[in-house]
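Have a look at the structure below before the remarks.
A, B, ... follow the sequence lines: proteins, then strands. Residue 1 opens every chain.
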Amino acid sequence: MLSCKEATLLMSQEQDRRLGMGERIALRLHVLICAGCNNYRRQMHVLREACRRLGGGGTP
Amino acid sequence: MELDRQSELNALRPDLLRFARLQLRDAGAAEDAVQETMLAALTGSHRFESRSSYKTWLISILRNKIVDIIRGQSRESAATSLADDEEGDALLDESLFDPRGHWLPGARPVSWADPEASFEQQQFWKVFEACLDHLPPKTARVFMMREFLGFETGEICKETGISSSNCWVVLHRARMGLRACLETRWFAGAGD
């Protein structure tokens with residue numbers, strides 16, 4: 001079972017590379033039962049979107 | 001027409017400068033990048049097509065200038081000062097996770113209410129930029145290369161001379177720091 005600390009590293013890496021099958025399954029199981037990490041994962045998407053907009057992809 | 005362009009360009013200058021400063025962390029280099037961008041925009045303005053906004057177009061020019069500047073800087077300096085940034089990492093971990101690696105109660109990420117509504121507010125972008133500014137300089141540099149300049153992690157390793165596992169960790173630290181800052185300074189208060 002992944003710890004939250006390990007899960008956060010994977011949630012960052014999934015922004016940059018395709019995770020392996022084992023990593024994807026482990027992460028999926030973890031966020032299913034961990035509300036904090038589930039929130040963290042959504043926040044990673046918000047960060048990416050905010051960066052995209054700040055970089056001219058929208059109108060900040 | 002030309003005059004309109006020029007005044008539009010002047011009006012956007014502070015935005016460009018802020019963008020360059022965030023990434024280069026060097027006022028002089030940022031100034032140079034913006035200067036060159038404005039020059040390129042004025043001399044090549046026929047190449048601007050209105051399918052994107054003028055600002056987006058300018059930022060794409062600026063982005064290339066910043067990439068050139070980053071490529072011109074030495075790798076060694078990037079790699080050595082990354083080590084300085086890492087000193088705070090262990091401390092950060094202790095403040096977030098218990099010894100088994102689970103969130104400490106006060107550190108557990110909360111749900112961010114309606115990010116889209118936040119994006120609409122000028123104040124949000126001020127906080128966001130302030131949070132970017134608070135990242136350790138070299139960590140911020142790697143993050144900016146990834147998120148704003150569109151580098152793949154392989155290229156970041158090559159340009160900065162750090163290993164790929166180090167690169168994953170640095171990006172992870174940047175995101176961790178940024179989300180904590182946003183949660184504290186923006187989203188935590190939004191639900192009150």
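Using modelled atom types, one side-chain atom of Arg63(B) and one backbone atom of Gly55(A) make a donor-acceptor pair closer than 3.5 Å. Judged purely by atom type and a 3.5 angstrom limit, Gln43(A) uses its side chain to pair as donor or acceptor with the backbone of Val110(B).
Linking ILVMFWY side-chain heavy atoms closer than 4.5 Å, directly or via other members, places Leu9(A) and Leu135(B) in two distinct hydrophobic clusters. Cluster annotation: Ile25(A) is not connected to Leu10(A) through the hydrophobic network of ILVMFWY side chains, with a link wherever side-chain heavy atoms come within less than 4.5 Å. Residues Tyr40(A) and Leu29(A) do not share a hydrophobic cluster, defined by chaining ILVMFWY side chains whose heavy atoms lie under 4.5 Å apart. Taken together through direct or relayed side-chain contacts under 4.5 Å among Ile, Leu, Val, Met, Phe, Trp and Tyr, Leu16(B) and Leu39(B) form parts of separate hydrophobic clusters.
Taking SG from Cys131(B) and CG from Leu47(A), the interatomic distance works out to 9.5 Å, rounded to the nearest 0.5 Å. Considering CZ of Phe119(B) and CZ of Arg52(A), their distance stands at 9.0 Å, rounded to 0.5 Å.
By the 4.0 Å N-to-carboxylate-O rule, Arg53(A) lies close enough to Glu116(B) to be salt-bridged with it.
Scanning both residues, Gly36(A) and Trp103(B), for their nearest heavy atoms gives C-NE1, 4.0 Å. Nearest heavy atoms, Cys51(A) versus Phe128(B): SG-CZ, 3.9 Å. Of all heavy-atom pairs between Cys4(A) and His102(B), the closest is SG-ND1, 3.7 Å. The shortest non-hydrogen separation linking Ser12(A) to Leu171(B) is OG-C, 3.9 Å.
Among Ala35(A), Ala50(A), Cys37(A), Cys34(A), the residue making the largest number of heavy-atom pairs under 4.5 Å with chain B is Ala50(A). In terms of non-hydrogen atom pairs under 4.5 Å with chain A, the most contact-rich of Phe148(B), Trp168(B), Phe19(B) is Trp168(B).
For Met144(B), no part lies near chain A; criterion is any non-hydrogen pair under 4.5 Å. Proximity to chain A (any heavy atom under 4.5 Å) is shown, for Leu62(B), by neither the backbone nor the side chain. Looking at Leu132(B), only its side chain comes within 4.5 Å of chain A, counting heavy atoms on both sides. In this structure, no portion of Arg42(A) lies under 4.5 Å from any heavy atom of chain B. Proximity to chain A is limited to the side chain of Leu22(B), based on heavy atoms less than 4.5 angstrom apart.
With a 4.5 Å cut-off on side-chain heavy atoms, Gln15(A) and Arg175(B) count as touching. You'll find the side chain of Thr153(B) stays beyond 4.5 Å of the side chain of Arg17(A), heavy atoms only. For the pair Glu129(B)/Leu54(A), a side-chain contact is recorded, criterion being any heavy-atom separation below 4.5 Å from C-beta on. Side-chain contact between Leu96(B) and Thr8(A): absent, with no pair of heavy atoms (C-beta onward) separated by less than 4.5 Å. In this structure, Met176(B) and Met11(A) have side chains that are not in contact, with every pair of non-hydrogen atoms separated by 4.5 Å or more.
Atom CE of Met21(A) has 12 or fewer neighbouring heavy atoms from other residues, nucleotides or ligands inside a 6.0 Å radius. For His45(A), the NE2 atom counts as densely surrounded, since its 6.0 Å shell holds more than 12 non-hydrogen atoms of other residues, nucleotides or ligands.
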